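Computed from a predicted structure; not experimentally measured. Side chains included, hydrogens not; waters and symmetry mates left out as well; all remaining heavy atoms used.
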Amino acid sequence: MKYISSGLSSPHVANANRWRGKVKSLQFLLTTLLFLSVFLMTSLTTKADWWNGNTGESYGAKDHFKVSFNNTTGQFTIRAFAIDKGYFAHNTLATSYAKLSYTTDGVNYIPFYQFKFNSRWQDTPDQSGYLSAQSLDSHADGYRTTYDMIMHLNLFNDIRDIKSIKIECDLESSDGGEDKGNSAIINYTVPQVTFNIKGYSYQEDNRVKVDWNSKWNNDNDVLVANSSTAVFDASGTKIADLGYGLSSGSFYTNQSNQSKEYHFVHSSYSGKITDDVSIVVPAFTHPSGITAV
C-alpha cells in the first residue's frame with residue numbers, strides 16, 4: 001500500500017521527530033543538572049575549605065587569614081575573617097566564634113584573642129555593631145574592619161620562640177547553614193639573636209677591656225639596625241650605652257682592686273626582647289713588694 005503525499009509526515013518521519021525532541025529535552029536536562037552540580041560542588045568546596053590553611057588554595061585561607069611580622073617593632077599582625085555580606089551574592093557568612101592561639105613548642109597552643117559575630121540576620125543583613133571581641137593576653141589587641149578582624153600580638157621574652165599561630169572558628173550563614181570546627185595554622189619563626197661576651201683583658205692604660213658580639217640567625221640589616229646594647233652594674237644602674245646597629249664592640253672600664261660584675265643587655269624589637277649576659281672582672285692587684293733574687 002502506497003502513501004500519497006498530502007502535507008502529513010509518514011509514521012517513520014513522525015517517530016524521528018519525536019525522538020529528536022526527546023533527545024533535545026534530555027540534553028537540556030543533562031546540561032542543567034551538570035550546571036547545578038558544578039555550582040553545588042563549588043559552593044560546598046568553598047564553604048568546607050574556607051579555613052584550609054594547609055593547601056593555601058582556598059579563597060578564605062589565602063585572603064582572610066594572614067600573618068605578618070614587623071622586624072622593627074616586634075609585632076605580629078593577624079588578619080582574620082569576620083563577616084562577608086556578599087556570600088554567594090545573596091547570603092551572609094559570619095564567624096560565630098573564633099579563637100587565636102600561638103605555640104612556642106609546636107605542640108601546645110596558648111589562646112591570646114577570641115571574637116564572635118552575634119548574628120541577627122535580617123532581610124538585608126546588617127554588618128554593624130554585632131561583633132564582640134576579647135583579648136586574652138595583655139600583649140594582644142584588635143579591631144574590626146568592614147569584613148575582617150585585625151589583631152596584634154606583641155613579642156615579649158616568654159614568647160620569643162613562637163613558631164606558629166592558629167585560628168579555630170565556627171562559621172554560620174544567614175540561610176541557616178553551619179560549618180563548625182574549622183582551623184588553620186600559619187607557621188612563622190621569629191628571627192633570634194645570640195649575644196656573647198668574648199672575655200676581658202687588662203690594658204696598659206690601667207683599664208679593662210671587655211669584648212662582645214651578637215649574631216642573628218636571619219641576616220637582615222633591619223634586625224641589626226634596630227638593636228642596641230647597654231651595660232649595667234650589679235645594682236642595675238646603667239653605666240654605658242654601647243650604641244645602636246652594632247654587631248660587635250668593646251666596653252672599657254677602670255681597673256679596680258675589687259671584683260666587679262657587669263651586665264650586658266642587648267635589646268631588639270623596640271626593646272620587647274632582651275638578652276642579659278653577665279661577666280665578673282676579678283680585682284686587679286699589684287705586687288706588694290719586689291724581692292731581689
- Task: Report the C-alpha separation of Y188 and F76 in whole Å, then their side-chain angles, then the decisive distance to 0.1 Å, and conclude whether the ring pair (Phe, Tyr, Trp, His ring centres under 6.0 Å) test is met.
- Result: CA-CA 10 Å; Y188 188 90; F76 281 97; 5.7 Å; yes
- Going hydrophobic residue to hydrophobic residue with side-chain gaps under 4.5 angstrom, can you get from F69 over to I150? no
- Query: Do Y97 and F115 sit in the same hydrophobic cluster, where Ile, Leu, Val, Met, Phe, Trp and Tyr count as joined when their side-chain heavy atoms come under 4.5 Å apart?
  - Reply: no
- Task: Rounded to the nearest 0.5 Å, what's the gap from OH on Y262 to OG on S278? Could you check?
- Result: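 Separation between the atoms: 12.5 Å.
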Nearest heavy-atom pair of [X] and [Y]: which atoms, and what distance?
X: F65; Y: I185; result: CE2-N, 4.4 Å
X: D141; Y: Y113; result: C-CE1, 3.7 Å
X: Y109; Y: S101; result: CB-CB, 3.7 Å
X: V280; Y: S259; result: CG1-CB, 4.3 Å

Would you confirm whether [X], through its side chain, and [Y], through its main-chain N or O, come within 3.5 Å as a donor-acceptor pair?
X: S96; Y: D170; result: yes
X: Q255; Y: Q203; result: yes
X: K163; Y: T104; result: yes
X: N196; Y: K198; result: no
X: T95; Y: F81; result: yes

- Message: Taking ring pair (Phe, Tyr, Trp, His ring centres under 6.0 Å) as the criterion, tell me which of Y244, F195, F232 meets it with H266.
- Response: F195
- Item | Lys/Arg N to Asp/Glu carboxylate O, D275 vs R160, below 4.0 Å |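 Yes, charged N to carboxylate O under 4.0 Å.
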- Can you tell if the side chain of Y269 reaches within under 4.5 Å of the side chain of T72, non-hydrogen atoms only?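 Heavy-atom side-chain distance check fails, nothing below 4.5 Å.
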- Task: Could you please spell out the steps behind the side-chain contact (heavy atoms from CB on, under 4.5 Å) verdict for T77 and V67?
- Result: CA-CA 6 Å; T77 298; V67 174; over 6 Å; no
- Task: Mind telling me whether F156 and H139 have parallel, tilted or perpendicular rings, with 30° and 60° as the class edges?
- Result: parallel
